[in-house]
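These notes concern the structure reproduced below.
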Amino acid sequence: MSKKKQKPNRPKARRPRGFEDKTADVFRTEARLIEAAFSVYDLNGFEPLQTPAFEYADALGKFLPDEDRPNTGVFALRDDDDQWMSLRYDLTAPLARYVAENYDGLAKPYRRYQAGSVYRNEKPGPGRFREFVQCDADSVGAPGSAADAEMIMMAADVMRAVGLKAGQYQVRVNNRKLLDGILESSGVPNTEDGAVQRLQVLRAIDKLDRLGSDGVEALLGEGREDESGDYTQGAKLGANAIKAVLGFTVASGTGRGETISNLEKLVGTSERGLAGCQELRDIDTILSAVGMGSERVAFDTSIVRGLGYYTGPVFEVELLTDIKDRKGRPVQIGSIGGGGRYDDLVSRFRGQPVPATGFSFGVSRLLSAMERLGSLENETKPPIFITVFDRSLLGQYFKMAEEIRAAGMRAEVYVGTGNLTKQMKYADRRGIQLAVIMGEDELARGEVTIKDLVLGAEMAKAISSNEEWKSARPAQSVVQRENLVGSLKDMLAS
RNA sequence: GCCGCCUUAGCUCAGUAGGUUAGAGCGCCGGUUUGUGGAACCGGAGGUCCUUGGUUCGAGACCAAGAGGCGGUACCA
């Protein structure tokens with residue numbers, strides 16, 4: 001009988017996992033990071049480009065969505081003409097498509113920068129999202145090491161531009177050709193036949209920091225079983241090859257020059273390996289000439305990058321600041337950027353070879369690291385708050401707001417309902433510092449009351465009784481209406 | 001995908017051996033105070049105890065499956 005509570009069957013308000021709402025602090029900081037990176041790219045002569053979030057799936061890479069499982073790795077859907085479209089998973093593949101599509105009209109090397117959300121249909125984790133923002137610069141059409149050095153220097157400069165100090169980050173550079181050379185001498189052919197094995201080796205080395213050399217050794221050989229009992233197939237290299245690869249990963253010396261010397265001994269007579277050494281030498285020459293020392297850019301043979309498409313120099317930007325979770329345990333957020341040479345990506349669309357190199361700055365990664373470090377700063381000041389005492393004076397209130405805005409300050413008139421009590425509570429919650437009150441009393445005298453809520457809260461600590469609190473009306477002053485803007489400015493400055 | 005842990009109010013959590021109407025603190029809303037945010041006091045709203053099925057006279061509690069969260073591992077073209 002008492003069935004008055006029929007289930008309304010409302011939808012649950014919930015956000016898809018791996019997708020984040022960006023609140024004011026985060027959003028403003030993100031915009032600042034992007035702006036900082038853009039200014040570096042721009043100063044280097046790069047031009048902006050914006051491409052759409054969707055691309056035809058076949059343009060995005062070798063990956064083509066399966067009819068049964070169209071969404072592994074990427075988010076894909078079918079257009080009304082039955083073509084598969086995918087949300088971009090990075091900004092590099094769309095660039096390759098753009099360049100290939102507009103090849104003849106572009107001055108080469110074509111150098112562009114771009115920021116935007118990219119999407120990956122993977123399991124989210126700390127610092128890993130299904131939608132996240134990257135801010136890239138790429139250079140298409142330049143085969144030489146100068147273009148790679150340019151990317152590496154910009155990567156370091158972007159880190160500085162976003163506010164990181166020397167010692168808080170380091171760009172770590174390696175060259176795929178070195179590993180190719182070592183694998184070649186170890187019997188893994190540098191052709192399609194060895195591609196799968198080479199990729200497995202790359203992924204194994206990529207896990208060096210997490211699994212240690214024992215774990216990587218297992219992955220290079222037969223395979224490895226983790227604590228949870230999951231088994232990973234290994235690359236099945238021979239004992240000598242494993243030794244050579246592991247030896248390579250620890251070949252970094254204390255300086256860039258020393259590392260190159262170590263590497264030259266390791267690669268022996270391999271043509272590809274020697275070419276890799278020469279490229280690093282060329283890069284070092286440029287970096288040294290501009291005074292970029294190994295504190296900011298180091299050569300590190302344990303850096304490989306998990307992606308298969310790199311063909312030459314590769315690098316990652318490591319955030320060196322320690323990150324701790326709520327329980328004080330260290331959290332690895334991984335690299336906050338990386339890049340390298342990918343000479344085959346644009347060539348896919350065209351017969352001829354098109355060299356390319358680029359850098360991708362993981363804005364969301366850095367942002368979530370900053371969030372964990374508690375170093376998000378909201379530099380935007382709260383608006384001046386104009387209370388609505390008398391609705392018939394709304395026009396005058398908005399007039400005041402206009403004057404304040406014209407002086408370059410944020411200002412808002414209360415557009416909600418409720419008396420002054422409610423308005424003051426709202427202002428308090430908004431973190432507002434200055435509130436303007438003008439009722440009939442002030443109006444008659446040509447005055448306005450300005451209240452400093454921050455100061456008021458401070459003074460309130462010494463007041464315990466409500467009577468006292470009410471009669472004191474702490475931290476407010478009465479000024480002439482025509483001096484409103486000037487007074488507000490003075491109060492903000494003091 | 002695989003393994004482990006977790007899921008009670010907006011948040012943090014209690015809930016004893018299965019037994020009426022499921023609690024606390026904080027937060028939120030309202031009032032004391034219709035020209036003033038704090039404090040204090042008073043009052044109020046808010047729960048399909050993640051879901052479904054099972055065991056039982058009786059399940060928030062026990063069992064099973066599923067979903068979601070967290071962590072690890074794999075994948076990440």
Side-chain angles (χ1 to χ4, degrees), chain A residues 5-10 12-18 57-58 60-65 69 72-74 86 88-90 92-93 118-126 128 130 195 199-200 202-204 206-207 210-211 215 219 223-233 305-310 325-327 329 331-332 334 342 345 348 385 387-390 418-443 449-476:
Chain A
K5 264 201 174 173
Q6 271 285 354
K7 279 187 213 171
N9 196 22
R10 297 198 183 92
K12 200 170 278 176
R14 62 206 178 108
R15 153 179 68 82
R17 65 200 174 91
D58 60 354
L60 279 184
K62 275 170 276 178
F63 178 89
L64 280 170
R69 304 181 58 203
T72 47
V74 299
S86 299
R88 62 189 176 196
Y89 54 82
D90 68 16
T92 312
V118 300
Y119 305 85
R120 295 193 188 172
N121 196 356
E122 297 161 5
K123 181 192 164 185
R128 293 178 64 96
R130 295 206 286 177
L199 198 59
Q200 279 172 318
L202 290 176
R203 287 174 188 161
D206 211 22
K207 296 177 176 65
R210 257 186 313 124
L211 304 182
L219 283 174
R224 174 178 177 273
E225 188 180 298
D226 66 46
E227 306 95 82
S228 64
D230 207 9
Y231 188 77
T232 311
Q233 279 291 331
R305 310 231 79 204
L307 304 186
Y309 60 64
Y310 290 111
D325 68 9
R326 274 169 305 188
K327 290 171 184 158
R329 296 173 303 193
V331 175
Q332 288 221 319
Y342 51 96
L345 221 53
R348 278 194 323 110
F385 182 62
T387 56
V388 174
F389 181 81
D390 184 341
N419 55 24
L420 263 190
T421 303
K422 195 161 176 200
Q423 296 186 35
M424 295 310 286
K425 279 188 174 171
Y426 165 85
D428 201 36
R429 190 178 268 201
R430 283 286 312 273
I432 276 163
Q433 187 187 347
L434 297 180
V436 176
I437 303 166
M438 187 183 75
E440 53 253 21
D441 298 355
E442 286 92 345
L443 183 67
T449 299
I450 303 173
K451 179 163 180 136
D452 188 326
L453 277 75
V454 175
L455 192 60
E458 195 61 35
M459 294 169 74
K461 287 177 185 165
I463 300 174
S464 55
S465 92
N466 187 244
E467 254 78 295
E468 201 184 336
W469 164 259
K470 273 183 68 184
S471 58
R473 281 190 188 164
Q476 53 185 76

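Each chain gets a letter, A, B and so on, in the order the sequences are listed, and its residues count up from 1.
For B:C76, the base has no donor-acceptor partner in the side chain of A:Arg305 [N/O atoms by modelled type, under 3.5 angstrom]. Between the side chain of A:Lys422 and the base of B:U36, no donor-acceptor pair under 3.5 Å is found.
Separating the CD atom in A:Gln476 from the CD1 atom in A:Ile450 is a distance of 10.5 Å, to the nearest 0.5 Å. Expressed to the nearest 0.5 Å, how far OG1 of A:Thr232 lies from CZ of A:Arg203 amounts to 11.5 Å.
With rounding to whole Å, A:Lys425 atom NZ is found 12 Å from B:A39 atom C1'. Atom CG of A:Leu434 is separated from atom C1' of B:U36 by 15 Å (rounded to the nearest Å). Whole-Å rounding puts the A:Asn419 CG to B:U32 P distance at 10 Å. Atom pair A:Arg224:CZ and B:C2:P shows a separation of 19 Å (rounding to whole Å applied). The distance from atom CG of A:Asp206 to atom C1' of B:A74 is 13 Å, rounded to the nearest whole Å. Rounded to an integer number of Å, the gap from CE of A:Met424 to P of B:G37 is 7 Å. Protein atom CG of A:Asp390 is 17 Å distant from nucleotide atom P of B:U34, rounded to whole Å. Between the P atom of B:C76 and the OH atom of A:Tyr89 lies a distance of 13 Å, rounded to the nearest Å.
When all heavy atoms of A:Phe389 and A:Gly439 are compared, the pair lying nearest together is CD2-CA, 3.4 Å. Looking at every heavy atom in both residues, A:Arg128 comes nearest to A:Lys123 through NE-O, 4.1 Å. The two atoms that bring A:Leu420 and A:Thr387 nearest to each other are CD2-CB, 3.8 Å, heavy atoms only. Between A:Tyr310 and A:Arg305, the shortest heavy-atom distance links the atoms OH-NH1, 3.1 Å. Of all heavy-atom pairs spanning A:Gly456 and A:Ala475, the tightest one is N-CB, 3.5 Å. Contact record, A:Leu453 with A:Ile432: CB-O, 3.6 Å, taken as the closest heavy-atom pair.
Nucleotide B:U36 forms no Watson-Crick or G-U wobble pair with any nucleotide shown, as no partner meets the under 3.5 Å limit on both distances. Searching all strands for a Watson-Crick or G-U wobble partner of B:A74 with both distances below 3.5 Å returns nothing. Shown here, B:C41 forms a base pair with B:G31; the pair counts as Watson-Crick or G-U wobble because both key distances fall under 3.5 Å. Nucleotide B:A17 forms a pair with no other nucleotide shown, judged by Watson-Crick or G-U wobble geometry with both contacts under 3.5 Å. In this entry B:U48 has no Watson-Crick or G-U wobble partner, no candidate having both defining distances under 3.5 Å. Base pairing of B:C26 is made with B:G10, judged by Watson-Crick or G-U wobble geometry with both donor-acceptor distances under 3.5 Å. Across the strands present, B:A61 finds no partner; the criterion is a Watson-Crick or G-U wobble pair with both atom distances under 3.5 angstrom. Look at B:U55: it lacks any Watson-Crick or wobble partner with both distances under 3.5 angstrom.
Under 3.5 Å, the side chains of A:Thr449 and A:Glu442 contain a donor-acceptor pair of N or O atoms.
As judged by a 4.0 angstrom heavy-atom cut-off over every strand, A:Glu442 is placed among the base-contacting residues. Counting non-hydrogen atoms under 4.0 angstrom, A:Ala457 reaches a base of the nucleic acid. No engagement by A:Arg130 is indicated, since no non-hydrogen atom pair under 4.0 Å with the nucleic acid exists. The residue A:Ile437 sits close to a base: some heavy atom pair falls under 4.0 Å. At a threshold of 4.0 angstrom between heavy atoms, the contacts of A:Gln423 with the nucleic acid are absent.
B:C75 and B:A59 have their P atoms separated by 47 Å, given to the nearest Å. For the C1' atoms, the distance linking B:U7 with B:A14 amounts to 15 Å, nearest Å. On the P atoms, B:C3 is 12 Å away from B:A65, given to the nearest whole Å. Here the separation of B:G25 from B:G68, taken at their P atoms, is 35 Å to the nearest Å. Between B:C26 and B:A39, the distance separating the two P atoms is 12 Å to the nearest Å. Rounded to whole Å, the C1' atom of B:A67 lies 29 Å from the corresponding atom of B:C28. Using atom C1' as the reference point in both B:G15 and B:G60, the two lie 8 Å apart (nearest Å). Distance noted for atom P between B:G54 and B:A61: 14 Å (whole Å).
Both A:Met438 and A:Pro124 lie near RNA chain B, and the one whose nearest nucleotide falls closer to the 5' end is A:Met438. Position along RNA chain B of the nearest nucleotide to A:Lys123 versus A:Gly18 favours A:Gly18 as the more 5'-ward residue.
In this structure, the nucleotide among B:G35, B:U36, B:C76 sitting nearest to the side chain of A:Glu122 is B:C76. Here the side chain of A:Asp441 is nearest to one of B:G35, B:A74, B:G37, namely B:G35. If you check B:U36, B:C75, B:G37 against the side chain of A:Arg128, the one that comes closest is B:C75. Checking B:G38, B:U36, B:C76 against the side-chain heavy atoms of A:Asp428 singles out B:G38 as nearest. For A:Thr232, taking side-chain heavy atoms from C-beta onward, the closest of the listed nucleotides B:C76, B:A74, B:G37 is B:A74. In this structure, of B:C75, B:G35, B:C76, it is B:G35 that holds the atom nearest to the side chain of A:Leu420.
A sub-4.0 Å separation between OP1 or OP2 of B:C75 and a side-chain N or O of A:Lys207 is present. Taking side-chain N and O atoms only, A:Arg429 has a distance below 4.0 Å to OP1 or OP2 of B:C28.
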